[in-house]
Amino acid sequence: MFNVEAVRLAGADIELPRMIPVEQRFAAETVADLEGSIRGQVAAHDRAHPVSGKRIAITAGSRGIAQLDRIVATLVDALISCGAKPFVVPAMGSHGGGTAAGQRQVLAEYGITEESIGAPIVSSMETVVVTELPDGTPVHFDAEAAQADGVVVLGRVKPHTDFRGTHESGLAKMIAIGLGKHRGATTLHSHGFEAFHTLIPAVAEAVLQVVPIEFGLAVVENAYEHVARLELVPPGALLEREAELLVEAKRLMPKLLVSDIDVLVVDEIGKDISGAGMDPNITGRAPVNSADFRAVPIKRVVVLGLTEHTNGNACGLGMADVTTQRCVDQIEFGSFYTNSLTSGVPDGARIPMALADDRDAIVAALHMSRGPRDRPAKVVRIRNTLSMPRIEVSEAYAQEVAEHPDLTALGEPHDWAFDATGTLQPLPAHS
């Protein structure tokens with residue numbers, strides 16, 4: 001058990017800096033008519049490649065994709081309008097605790113139920129080996145999807161949190177890892193993330209040759225968590241087009257626009273926020289291949305809690321320096337450890353120094369970030385690594401904010417608002 005008095009003694013001379021609410025501005029392209037875009041593209045595909053009578057599996061993953069429930073429901077309805085018989089399969093590797101019921105529950109928490117989408121959800125952890133790679137690696141594929149007449153691969157294209165390549169998080173990974181379920185994900189992760197830049201596209205290419213992939217539906221989001229692009233990609237162009245969309249996704253992603261940071265306070269982390277709990281593309285901290293992630297230099301990271309939708313999976317907590325007892329109490333170790341055992345990376349499952357409350361955690365991080373010279377602390381607070389347009393920064397950044405073309409102060413400096421238990425209310429999510 002931590003020694004509360006020792007912590008408070010160490011930080012006795014630390015005064016928390018006042019914080020300024022700040023807006024960060026990013027590129028904001030959006031799809032104006034989400035439903036119309038899906039229906040029009042599916043109808044055009046149907047005219048060239050009729051789907052009438054086909055039983056089609058649609059993938060739905062565990063990431064917090066913007067308006068995922070609307071996208072899935074519209075995609076289902078558009079396929080039904082063309083005479084197809086769609087059903088949804090959870091495509092999320094080992095997430096949801098690595099169980100069929102857990103993966104169905106993950107979808108329900110995103111508003112994806114049989115009633116809401118108008119189609120069956122067939123959740124199973126059973127796989128079949130559909131092919132092998134040249135080195136003998138078996139390629140597992142969701143057994144229910146493998147029996148379908150066609151598979152629609154729905155996924156968000158974005159930078160991955162553990163490796164760099166032409167194909168990172170996206171359609172290829174959904175085919176290789178998501179549809180591989182727990183067995184497939186475990187098999188591929190045994191190669192190590194250093195192989196993923198070639199392994200993921202190789203597996204996807206092998207699957208495309210033996211499984212009837214009907215088309216991919218690629219989602220690219222902007223920094224405001226809005227859909228910036230929604231594109232139907234034919235199977236013959238899937239790998240080439242995804243590589244191009246990844247370039248666009250990297251251009252649109254959010255980041256911290258301020259300079260070096262003494263302490264970054266993160267209100268919440270979770271698998272619905274990032275595969276790594278908090279995105280290394282923002283923090284620069286990754287459990288593997290960390291040299292590939294260049295971000296604003298940060299001395300100490302504090303994580304205060306977990307998101308509701310992560311269901312106790314604290315993946316990525318090990319990348320923080322300090323956390324809270326509240327956060328540790330939220331952990332469901334079954335899903336937490338299943339995820340790390342599947343990936344073969346224990347670093348993200350480590351538990352950092354856990355302090356009694358939010359205030360003590362922030363004070364401890366400030367104490368450990370102090371240099372030999374006394375100067376105002378440079379502190380940044382974010383809700384999570386997806387909600388980046390609205391942040392808070394300490395007064396030490398006041399001039400930098402005033403001079404930056406994409407930063408605007410939204411109010412006057414204020415004190416930290418802890419309740420009687422030493423807990424902060426989360427920053428509001430941006431609209």
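The shown structure was predicted, so the numbers you read here are calculated from the model rather than taken from an experiment. In this chain, numbering begins with 1 at the start of the sequence shown.
- Using a 4.5 Å heavy-atom cutoff, the side chains of L246 and E242 are not in contact.
- In this structure, L107 CG and R104 CZ are separated by 8.5 Å, a value rounded to the nearest 0.5 Å.
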**OP:** Verify side chain to side chain contact (heavy atoms under 4.5 Å, CB included) between L154 and V219, making sure each step is shown before the conclusion.
**Re:** CA-CA 8 Å; L154 165 63; V219 179; 4.0 Å; yes

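- Counting heavy atoms from C-beta outward, L179 and V151 have side chains that approach closer than 4.5 Å.
- Ring pair W416/F418 is parallel by interplanar angle, where below 30° counts as parallel and above 60° as perpendicular.
- Of all heavy-atom pairs spanning Q325 and A356, the tightest one is CB-O, 4.2 Å.
- With values rounded to the nearest 0.5 angstrom, L304 atom CG is found 12.0 Å from N384 atom CG.
- S369 places a side-chain N or O within donor-acceptor distance of the main-chain N or O of L366, the cut-off being under 3.5 Å.
- Using a 4.0 Å cut-off between a side-chain N of Lys or Arg and a carboxylate O of Asp or Glu, R229 and E29 do not qualify as a salt bridge.
- Shown here for S116 and T113, the closest heavy-atom pair between the two residues is OG-N, 2.9 Å.
- Remark: the backbone N or O of D321 is not paired with any side-chain donor or acceptor of R300 at under 3.5 angstrom.
- Counting non-hydrogen atoms of other residues, nucleotides and ligands closer than 6.0 Å to CD of E403 gives a total above 12.
- Taking a cutoff of 4.0 Å between a charged side-chain nitrogen and a carboxylate oxygen, K173 and E168 do not qualify as a salt bridge.
- Listed for the T30 side chain is no donor-acceptor partner under 3.5 Å among the backbone atoms of A32.
- In terms of heavy-atom proximity, V31 sits nearest to L230 at CG2-N, 3.9 Å.
- Between I175 atom CD1 and E205 atom CD the span is 11.0 Å, to the nearest 0.5 Å.
- Of the candidates V72, D69, D272, I65, Y110 forms a side chain to side chain contact (heavy atoms under 4.5 Å, CB included) with just one, namely D272.
- For the pair T323 and A361, the tightest heavy-atom approach, listed with the atom from each and the gap, is O-CB, 3.7 Å.
- A 4.5 Å side-chain heavy-atom check between M353 and M368 finds at least one atom pair inside the cut-off.
- Residues T74 and R39 are in side-chain contact: their nearest non-hydrogen atoms beyond the backbone lie under 4.5 Å apart.
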**OP:** Begin from the C-alpha positions of E109 and N311 and carry the test side-chain hydrogen bond (donor to acceptor under 3.5 Å, both in side chains) through to its verdict.
**Re:** CA-CA 10 Å; E109 290 174 358; N311 294 312; 3.0 Å; yes

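- Residues V152 and I56 share a closest heavy-atom pair of CG2-CG2, 3.6 Å.
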Subject >> Evaluation steps, side chain to side chain contact (heavy atoms under 4.5 Å, CB included), between L355 and T324 >> reply: CA-CA 5 Å; L355 279 300; T324 64; 5.7 Å; no

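- Within 6.0 Å of atom CD in Q105, more than 12 heavy atoms from other residues, nucleotides or ligands are found, so the atom counts as buried in its surroundings.
- For E126, the CD atom is loosely surrounded, since the number of other residues' heavy atoms within 6.0 Å does not exceed 12.
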Original post:
Would D357 and R326 satisfy salt bridge (Lys or Arg N to Asp or Glu O under 4.0 Å), going step by step from the backbone distance to the final call?
Top reply: CA-CA 7 Å; D357 56 38; R326 169 171 64 90; over 6 Å; no

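- In the model, H45 has a side-chain atom that pairs as donor or acceptor with a side-chain atom of E214 under 3.5 Å.
- Within the 3.5 Å criterion, the main-chain N or O of S37 finds no donor-acceptor partner in the side chain of D33.
- The two atoms that bring E225 and E221 nearest to each other are CA-OE1, 4.0 Å, heavy atoms only.
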**OP:** Might you work through the side chain to side chain contact (heavy atoms under 4.5 Å, CB included) test for V88 and V122, ending with a clear yes or no?
**Re:** CA-CA 6 Å; V88 167; V122 183; over 6 Å; no

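- Ion pair K299/D262 flagged as a salt bridge, since at least one NZ, NE, NH1 or NH2 atom sits closer than 4.0 Å to an Asp/Glu carboxylate oxygen.
- The backbone N or O of M319 sits less than 3.5 Å from a side-chain atom of R285, completing a donor-acceptor pair.
- Two residues are said to be in side-chain contact when any heavy atoms from C-beta on lie closer than 4.5 Å; L199 and L188 meet this criterion.
- A donor-acceptor distance shorter than 3.5 angstrom exists from the side chain of Y224 to the backbone of F26, with no hydrogens or angles considered.
- With hydrogens and angles disregarded, no donor-acceptor distance shorter than 3.5 Å links the side chain of E332 to the backbone of G312.
- Using a 4.5 Å cut-off on side-chain heavy atoms (C-beta onward), D142 and T127 make no contact.
- Side-chain atoms of S394 come within 3.5 Å of backbone N or O of V379 as a donor-acceptor pair.
- Contact annotation: the side chain of I213 approaches that of V153 to within less than 4.5 Å [non-hydrogen atoms, C-beta and beyond].
- Here Q103 contributes atom CD and I121 contributes atom CD1; the two are 12.0 Å apart, rounded to the nearest 0.5 Å.
- At a cut-off of 3.5 Å, with distance as the only test, a side-chain donor of E400 or S259 sits close to an acceptor on the other residue.
- Using a 4.5 Å heavy-atom cutoff, the side chains of D46 and L79 are not in contact.
- Here D358 contributes atom CG and L424 contributes atom CG; the two are 5.0 Å apart, rounded to the nearest 0.5 Å.
- Salt-bridge annotation for R381 and D267: present, with a side-chain N of the basic residue lying under 4.0 Å from a carboxylate O of the acidic one.
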Original post:
K255 and Q24: side-chain hydrogen bond (donor to acceptor under 3.5 Å, both in side chains), yes or no, with the steps?
Top reply: CA-CA 9 Å; K255 58 185 176 181; Q24 298 194 120; over 6 Å; no

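- Listed for the T186 side chain is no donor-acceptor partner under 3.5 Å among the backbone atoms of R183.
- Ring geometry for H189 against F193 counts as perpendicular: the plane angle is over 60°, on a 0 to 90° scale with 30° as the lower cut.
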**OP:** Just do the side-chain hydrogen bond (donor to acceptor under 3.5 Å, both in side chains) check on T408 and R25 with the steps written out, would you?
**Re:** CA-CA 8 Å; T408 300; R25 286 183 294 279; 2.5 Å; yes

Subject >> Trace of the side chain to side chain contact (heavy atoms under 4.5 Å, CB included) decision for V89 with I58 >> reply: CA-CA 6 Å; V89 294; I58 301 171; over 6 Å; no

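- Between the side chain of Q330 and the backbone N or O of L306, at least one donor-acceptor pair lies under 3.5 Å.
- Distance check: K250 NZ to N281 CG gives 8.0 Å after rounding to the nearest 0.5 Å.
- With a 6.0 Å radius and a threshold of 12 heavy atoms from other residues, nucleotides or ligands, E244 has its CD atom above the threshold.
- Remark: aromatic rings of F196 and H167 are distant, center separation not under 6.0 Å.
- The aromatic ring centroids of H197 and F163 lie 6.0 Å or more from each other.
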